[in-house]
A.B. asks: 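One structure is given below, represented as structure tokens, and several questions about it will come after.
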Amino acid sequence: MMVNQVEDCKESKPIAFGRTAEAVPRDRRTGGADGRRDQVLTTKVGLRIPVGLAFEEWERAGRQLSGLLNSSSWWLGDWLVYGKDHYADRYERGIRAAGLQYQTLRNYAWVARRFELDRRRSALSFQHHAELASLQVDEQEIWLDRAERLKWSTKQLRHAIRSEREDAPRQTEAVATTRQLAVPDSRLQWWHRAASQAGAELEEWVTATLDAAASQVLKETERRQSLD
């Protein structure tokens with residue numbers, strides 16, 4: 001459970017997170033003067049990590065920090081979207097007052113606009129959603145489902161999307177190939193013999209023959225039309 005203690009003062013005050021007091025064994029709670037011997041503390045300029053911190057506490061801190069980082073991207077995106085929608089003539093002043101980078105906020109806001117609150121997957125990171133922001137809604141849902149079900153990292157999601165896009169032209173080409181004329185073996189052998197006698201490869205001979213036939217048909221059609 002995250003314990004936030006935000007105080008308005010000049011000196012940075014630690015913001016404690018980790019297990020609640022009730023979850024800490026009594027003998028450990030009495031170990032330090034401030035009762036925080038097994039807690040990681042955040043300040044405005046970094047982390048204060050106690051000596052001898054148990055691995056489990058260190059691991060828990062990482063999960064909590066990661067969750068905060070992911071959530072903050074959504075929070076800032078929604079914050080800017082609201083500002084642009086409601087304070088069109090003043091929201092940039094609010095950005096400057098907060099000391100935030102507009103370009104970064106713009107990226108967050110773009111992703112936030114592309115995903116309504118009820119479409120965001122808590123099991124996936126903000127970056128997962130950012131990878132899909134440019135897609136249509138139905139495609140977004142398909143990829144979100146896959147990423148959530150298969151527990152993909154952002155990198156795995158990006159790779160899967162790229163692979164599918166690269167495979168699409170090959171699949172189209174394969175479909176086009178299967179739609180070519182089905183030629184009986186006897187006729188194919190006949191064409192091979194004709195191509196061989198003409199001193200050409202089969203594909204070259206077939207193309208040249210069809211071109212000649214098409215040219216003849218078109219010329220004949222034009223001649224008849226000119227006589228009408």
Side-chain angles (χ1 to χ4, degrees), residues 70 73-74 76-78 80-81 84-85 88 92 101-228:
N70 182 55
S73 299
W74 287 121
L76 288 170
D78 290 337
L80 183 61
V81 168
K84 292 182 73 171
D85 290 346
E92 290 186 11
Q101 294 294 320
Y102 178 65
Q103 184 58 48
T104 301
L105 288 179
R106 233 175 63 170
N107 294 337
Y108 291 162
W110 180 64
V111 177
R113 281 196 187 276
R114 296 290 294 161
F115 292 93
E116 295 293 335
L117 199 60
D118 60 357
R119 292 185 54 234
R120 301 172 189 176
R121 309 293 180 93
S122 60
L124 301 176
S125 71
F126 179 86
Q127 288 304 318
H128 281 93
H129 293 77
E131 291 290 335
L132 306 172
S134 63
L135 303 180
Q136 297 297 319
V137 171
D138 55 343
E139 290 182 282
Q140 290 174 350
E141 291 301 312
I142 290 172
W143 285 110
L144 286 172
D145 287 341
R146 291 176 183 173
E148 192 170 13
R149 184 177 70 255
L150 299 174
K151 302 186 186 309
W152 280 342
S153 66
T154 305
K155 184 177 180 180
Q156 288 173 317
L157 173 60
R158 187 185 308 123
H159 179 73
I161 296 171
R162 186 184 300 121
S163 296
E164 184 164 295
R165 287 174 177 170
E166 290 174 352
D167 288 343
R170 289 196 289 267
Q171 291 173 354
T172 301
E173 182 179 349
V175 171
T177 302
T178 59
R179 289 178 179 173
Q180 292 178 357
L181 291 174
V183 181
D185 287 343
S186 58
R187 182 170 296 177
L188 190 59
Q189 292 172 5
W190 188 36
W191 290 354
H192 267 293
R193 192 161 60 249
S196 179
Q197 292 178 2
E201 294 293 333
L202 176 62
E203 183 178 349
E204 179 185 350
W205 179 84
V206 168
T207 301
T209 302
L210 289 175
D211 284 346
S215 178
Q216 183 63 34
V217 170
L218 292 174
K219 286 180 180 178
E220 184 63 26
T221 301
E222 291 175 359
R223 188 185 67 80
R224 285 200 303 268
Q225 290 176 344
S226 65
L227 297 176
D228 291 342

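Note that the coordinates shown come from a computational prediction; the quantities given were computed from them, not determined experimentally.
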A.B. asks: Atom CG in Leu105, atom CD in Glu92: separation rounded to 0.5 Å?
C.D. replies: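 So the gap between those two atoms works out to 11.0 Å.
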A.B. asks: Measuring only between side-chain heavy atoms, which start at C-beta, is Gln101 closer than 4.5 Å to Arg106?
C.D. replies: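 No, their side chains stay 4.5 Å or more apart.
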A.B. asks: Do you know which two heavy atoms are closest between Asp78 and Leu117, and how far apart they sit?
C.D. replies: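 Reported closest heavy-atom pair: OD2-CD1, 4.5 Å.
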A.B. asks: Side chain to side chain contact (heavy atoms under 4.5 Å, CB included) between Ile161 and Leu132: does it pass, once the steps are laid out?
C.D. replies: CA-CA 9 Å; Ile161 296 171; Leu132 306 172; 3.3 Å; yes
A.B. asks: So, His128 side chain and Glu148 main chain: donor-acceptor pair closer than 3.5 Å or not?
C.D. replies: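 No, His128 side chain to Glu148 backbone: no donor-acceptor pair under 3.5 Å.
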A.B. asks: Under the 3.5 angstrom rule, does the side chain of Ser215 hit a backbone N or O of Asp211 as a donor-acceptor pair?
C.D. replies: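 No.
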A.B. asks: What do the steps show when you test Glu139 against Gln136 for side chain to side chain contact (heavy atoms under 4.5 Å, CB included), and what is the final call?
C.D. replies: CA-CA 5 Å; Glu139 290 182 282; Gln136 297 297 319; 3.8 Å; yes
A.B. asks: Using the ring centroid of each side chain, check whether Trp74 and His129 are separated by less than 6.0 Å.
C.D. replies: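 Judged by ring-centre distance (under 6.0 Å), Trp74 and His129 do meet the cut-off.
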A.B. asks: Restricting to non-hydrogen atoms, name the atom on Ala109 and the atom on Val81 that form the minimum distance, rounded to 0.1 Å.
C.D. replies: O-CG2, 3.7 Å
A.B. asks: Could you grab the distance from atom CH2 of Trp152 to atom CG of Leu144, nearest 0.5 Å is fine?
C.D. replies: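 CG of Leu144 is found 11.0 Å from CH2 of Trp152.
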A.B. asks: Could you tell me which non-hydrogen atom of Tyr102 sits nearest to which non-hydrogen atom of Lys84, and how far apart they are?
C.D. replies: OH-NZ, 4.1 Å
A.B. asks: Within 45 degrees of the ring normal and closer than 6.0 Å to the centroid, is that where the cationic atom of Arg113 sits relative to Trp110?
C.D. replies: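 The answer is no; the distance or angle limit is not met.
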A.B. asks: Can a donor-acceptor pair be found, under 3.5 Å and without considering hydrogens, that links the side chain of Gln140 to the backbone of Leu135?
C.D. replies: yes
A.B. asks: How long is the straight-line distance from CG of Asp118 back to CZ of Arg120, given to the nearest 0.5 Å?
C.D. replies: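 Answer rounded to 0.5 Å: 9.0 Å.
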A.B. asks: Who passes side chain to side chain contact (heavy atoms under 4.5 Å, CB included) against Ser122, sequence neighbours left out?
C.D. replies: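 Ser122: no side chain to side chain contact (heavy atoms under 4.5 Å, CB included) contacts found.
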A.B. asks: Given the rule in the side chain to side chain contact (heavy atoms under 4.5 Å, CB included) test, do Val111 and Asn107 qualify, once you have shown the distances and angles that lead to the verdict?
C.D. replies: CA-CA 7 Å; Val111 177; Asn107 294 337; 5.9 Å; no
A.B. asks: Quick one: does any side-chain atom of Arg165 pair with a main-chain N or O of Ala160 as donor and acceptor, under 3.5 Å?
C.D. replies: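 Absent.
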A.B. asks: Any side-chain to backbone donor/acceptor pair from Arg158 onto Glu131? Under 3.5 Å, distance only.
C.D. replies: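 Not confirmed, Arg158 side chain does not pair with Glu131 backbone.
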A.B. asks: Relative to each other, are the rings of Phe126 and Tyr108 parallel, tilted or perpendicular (30° and 60° limits)?
C.D. replies: perpendicular
A.B. asks: With a 4.0 Å cut-off, would you call Glu164 and Arg146 a salt bridge?
C.D. replies: yes
A.B. asks: Do the side chain of Gln156 and the main chain of Ser153 share a donor and acceptor less than 3.5 angstrom apart?
C.D. replies: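 Judged by distance alone, yes, a pair lies under 3.5 Å.
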A.B. asks: List the atom of Ala112, the atom of Gly77, and the distance in Å for their closest heavy-atom pair.
C.D. replies: CB-C, 3.9 Å
